Each structure stands twice: as structure tokens, then as C-alpha cells.
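Here, residue 1 is the first one in the sequence, and each next residue gets the next number. Since the structure is predicted, the reported quantities are computational estimates derived from the model, not experimental observations.
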Amino acid sequence: MADHSKVDVVQLIKRFGAFLTVKISNILRSMDSKSVGALAGLALAIVFTWRLWRSPGGTQRRRPKRQAVPPSSSEASSHADETISAVVANPSSYDSRAQNVIDEFFQPVKPTLGQIVRQRLSEGRKVTCQLLGVILKETSPEELQKQVTVRSSVLEVLLEITKFCDLYLMERVLDDESEKKVILALEDAGVFTSGGLVKDKVLFCSTENGRISFVRQLEPDWHVDSNPEIISQLARFIKYQLYISLTKPEATAANVFSSASLEQFFGCV
């Protein structure tokens, strides 16, 4: 009976070890080099502490001079047999508890917005982006003649992109006054405060073909636009494109992604 119980306990320990191995393996696949180094350091510290604790001079070997009356060997054996019997009778409950403990301890670290932006842009270093309907609430050049409103929900993503990407904003306008209003609205919104985007990188043209020309000359890794015709024409020349539309297109090129908004593409909605 004792040998059989020992085997069952060993099997339980093996299950726990298997859970732990799989969990650590999954975490290591998603970690960067710095995080792996930190985890390795933690593992070494744990091993060193365990060996110190197990050493003859460690605290484990020290015993108080007087102890409370210990249970008899028969009582201790009976208690151990009861515990082992519980494990043997319902091993799945212990497997579940072990899994829950491991899952709780190894909760995945939530990535920052900067990490999400870099991942979604596939580490692209240059981005061109239309203003109307993407950065601005207005959707036509005629509306820009009356007012210009920066969408507050897109600002966080926009500023994050400027931290590691060469970003150019562009739009078709009908007059010089519209240009001034756009620049002033972007300035008031704080778009130029981070240093990643300067006013010289906000480009204006008088036709849609002018925007196509801008994009082709700049040769970005990504272009963001709400005009399906421009997206279609640029698909052959630009590595990746993001089509901003409330309705998902039926068919697009393999290098064209779609989203209802720029911030939604990065999971900020």
C-alpha cells in the first residue's frame, strides 16, 4: 500500500511539473531578451536559495530544543495515507488546482500601446496618413473651409506612432485658408508637442492624384487612407495599407487591411 501511494504522489508531482514546463515554454515564446534574462536571474536565485536551505547548516536542520508532544508515528502515517488517498481518489481536482495556481502566477503581462503599435505596423519606420475622416472629424474639403476638428480619440495612437515612425499627414484642400485652419487645429491638439511630427510634414494638395503622388514619392512602409480608389491604385507600390471605412470591403489586396478607425486598428476602442 505504501509503495503504491508513493507512486501516486510521484505521478502527481510529474503532472505539476508538466503544467509548469508548458506554461514557462509559452511565456518564453512571447518574451523579449530582457525579460528572458530577468526570468533566468530569478530562476538562479530560486535554485541558490533552495540549495542553501537544503544545506546541513541551513535552517531546515535546526530544531528547537523542546517541541510540543508530536503525534505518534501511527497517527502521522494515518494522516499521510488519508492525504494520498484523497489525491488518488480524485486526481483531477488536484490537477485543476495546480493548473489554476500556475495560471494565476504566470498571468501574461499586458503590452503597452507603444508595443502594440510597433507590432501592428510590423516595425515599419515610415507612415503616410490622410487627415479627413482619419485624424479629423470632417470628411470633405468643403467642410474644412468652415471648421477643422481633431478627433480626440485618435491622439494617443497618433502620438505613439510619431515616437518611432517618420509620419507624414496629407490632405486635399480648396484654399490656403483651409491649410491654416488644419495646422492651427493640429497645433492646438498638441500633435506637434512630442517632437515626432513637425508642421513641414503636413502636406497639402489640390487633387486626389496629388495625394497619390505624395505617397509614391515618400515610399512609406504604411499608408492610411479612407478613399478606396487611392487604396486600390497604391496597392502595387506600398508594402502595407490601412483602409479606414465603417463598412468592410468585400475584396482587397493581401497587403491592405481595413478598420473603422485608426485607433480601433490598434485596439484602443
Side-chain angles (χ1 to χ4, degrees), residues 117 120-151 154-155 157-187 189 191-192 194-247 249-263 265-266:
V117 169
R120 292 290 279 164
L121 292 181
S122 303
E123 298 294 335
R125 302 302 296 177
K126 184 182 287 187
V127 178
T128 55
C129 181
Q130 181 189 16
L131 283 162
L132 285 172
V134 182
I135 308 302
L136 305 178
K137 289 184 178 180
E138 291 74 25
T139 57
S140 70
E142 289 76 17
E143 291 181 76
L144 295 180
Q145 292 180 306
K146 301 176 183 178
Q147 64 178 18
V148 179
T149 310
V150 178
R151 300 175 61 250
V154 79
L155 283 176
V157 167
L158 188 66
L159 293 175
E160 200 63 50
I161 293 174
T162 64
K163 289 180 181 180
F164 73 99
C165 284
D166 192 12
L167 177 65
Y168 292 81
L169 303 179
M170 54 189 63
E171 193 48 71
R172 176 171 74 93
V173 294
L174 301 179
D175 50 39
D176 293 342
E177 191 62 29
S178 296
E179 291 185 22
K180 295 177 182 178
K181 288 181 179 179
V182 169
I183 294 296
L184 182 59
L186 292 173
E187 187 173 22
V191 173
F192 302 121
S194 66
L197 180 66
V198 295
K199 295 178 183 179
D200 290 341
K201 292 184 179 180
V202 182
L203 311 176
F204 298 98
C205 54
S206 57
T207 65
E208 295 289 77
N209 285 335
R211 188 156 79 251
I212 294 176
S213 178
F214 279 153
V215 176
R216 292 195 60 181
Q217 289 178 39
L218 290 168
E219 297 182 336
D221 299 298
W222 281 82
H223 176 62
V224 184
D225 212 291
S226 62
N227 188 322
E229 291 297 326
I230 291 181
I231 290 288
S232 178
Q233 291 185 47
L234 289 174
R236 293 183 300 155
F237 307 103
I238 307 304
K239 187 175 182 180
Y240 299 110
Q241 289 193 91
L242 176 59
Y243 173 46
I244 302 298
S245 175
L246 294 176
T247 59
E250 294 182 0
T252 58
N255 62 336
V256 175
F257 300 83
S258 64
S259 177
S261 66
L262 184 64
E263 58 269 35
F265 181 69
F266 295 105

I would like to know whether Val127 and Leu121 meet side-chain contact (heavy atoms from CB on, under 4.5 Å); could you show each step before the answer? CA-CA 9 Å; Val127 178; Leu121 292 181; 4.3 Å; yes

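- Residues Arg120 and Phe265 are in side-chain contact: their nearest non-hydrogen atoms beyond the backbone lie under 4.5 Å apart.
- In this structure the side chain of Arg125 reaches within 4.5 angstrom of the side chain of Asp221, judged on heavy atoms.
- Distance check, rounded to the nearest 0.5 Å: CG of Leu131 to CG of Leu186 gives 6.0 Å.
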Run the side-chain contact (heavy atoms from CB on, under 4.5 Å) check on Lys181 and Leu144 step by step: do they pass? CA-CA 8 Å; Lys181 288 181 179 179; Leu144 295 180; over 6 Å; no

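- Counted within 6.0 Å of CZ on Arg151, heavy atoms from surrounding residues, nucleotides or ligands total more than 12; the atom is thus considered enclosed.
- For the atom pair Cys165 SG and Leu158 CG, the distance stands at 11.0 Å (nearest 0.5 Å).
- In terms of heavy-atom proximity, Arg211 sits nearest to Asp225 at NE-OD2, 2.8 Å.
- With hydrogens and angles left out, the side-chain atoms of Ser226 and Gln130 include a donor and acceptor closer than 3.5 Å.
- For the pair Ala235 and Val256, the tightest heavy-atom approach, listed with the atom from each and the gap, is CB-CG2, 4.4 Å.
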Hey, mind stepping through Glu208 and Asn227 against side chain to side chain donor-acceptor pair (under 3.5 Å) and telling me if it holds? CA-CA 9 Å; Glu208 295 289 77; Asn227 188 322; 2.8 Å; yes

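- Two residues are said to be in side-chain contact when any heavy atoms from C-beta on lie closer than 4.5 Å; Phe257 and Thr252 fail this criterion.
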Going through the checks in order, is the salt bridge (charged side-chain N to carboxylate O under 4.0 Å, His left out) test met by Lys199 and Glu187? CA-CA 9 Å; Lys199 295 178 183 179; Glu187 187 173 22; 3.3 Å; yes

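- For Tyr168, there are no ring pair (Phe, Tyr, Trp, His ring centres under 6.0 Å) partners, not counting sequence neighbours.
- With contacts defined as side-chain heavy-atom distances shorter than 4.5 Å, the pair Lys201/Leu169 does not qualify.
- When all heavy atoms are compared, the tightest approach of Val215 to Met170 is CG2-SD, 3.6 Å.
- Side-chain contact between Gln145 and Ser178 is present, with at least one heavy-atom pair separated by less than 4.5 Å.
- Ile230 contributes atom CD1, which lies 7.5 Å from atom CG of Asn209 (distance to the nearest 0.5 angstrom).
- Using a 4.5 Å cut-off on side-chain heavy atoms (C-beta onward), Ser258 and Leu242 make no contact.
- Not counting sequence neighbours, Lys126 has no partner by the salt bridge (charged side-chain N to carboxylate O under 4.0 Å, His left out) test.
- Across all non-hydrogen atoms, the minimal contact from Ile244 to Ser261 is CD1-C, 3.7 Å.
- Between Glu143 and Ser140, the side chains place a donor N or O and an acceptor N or O closer than 3.5 Å (distance only, hydrogens not considered).
- Here the closest heavy-atom approach between residue His223 and residue Ile238 is recorded as N-CG2, 4.1 Å.
- Considering all non-hydrogen atoms of both residues, Pro141 and Arg172 come closest at CG-NH2, 3.5 Å.
- In this structure, Glu179 has no salt bridge (charged side-chain N to carboxylate O under 4.0 Å, His left out) partners at least two apart in sequence or on a different chain.
- In the displayed structure, Tyr240 atom OH is contacted under 6.0 Å by at most 12 heavy atoms of other residues, nucleotides or ligands.
- With rounding to the nearest 0.5 angstrom, the CH2 atom of Trp222 is 14.0 Å from the CG atom of Leu167.
- Rounding to the nearest 0.5 angstrom, the gap separating the CZ atom in Phe237 from the CD atom in Glu219 is 11.0 Å.
- The backbone N or O of Leu262 sits nowhere less than 3.5 Å from a side-chain atom of Ser259 that would complete a donor-acceptor pair.
- Residues Val202 and Phe192 meet the side-chain proximity criterion, which asks for heavy atoms closer than 4.5 Å.
- Looking at heavy atoms from C-beta onward, Phe204 lies out of side-chain contact with Phe214 at the 4.5 angstrom threshold.
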Do Leu132 and Val134 pass the side-chain contact (heavy atoms from CB on, under 4.5 Å) test, and can you show the C-alpha distance, the side-chain angles, and the key distance before you say yes or no? CA-CA 5 Å; Leu132 285 172; Val134 182; over 6 Å; no

List the steps, then state whether side-chain contact (heavy atoms from CB on, under 4.5 Å) holds for Ile231 with Gln233. CA-CA 6 Å; Ile231 290 288; Gln233 291 185 47; over 6 Å; no

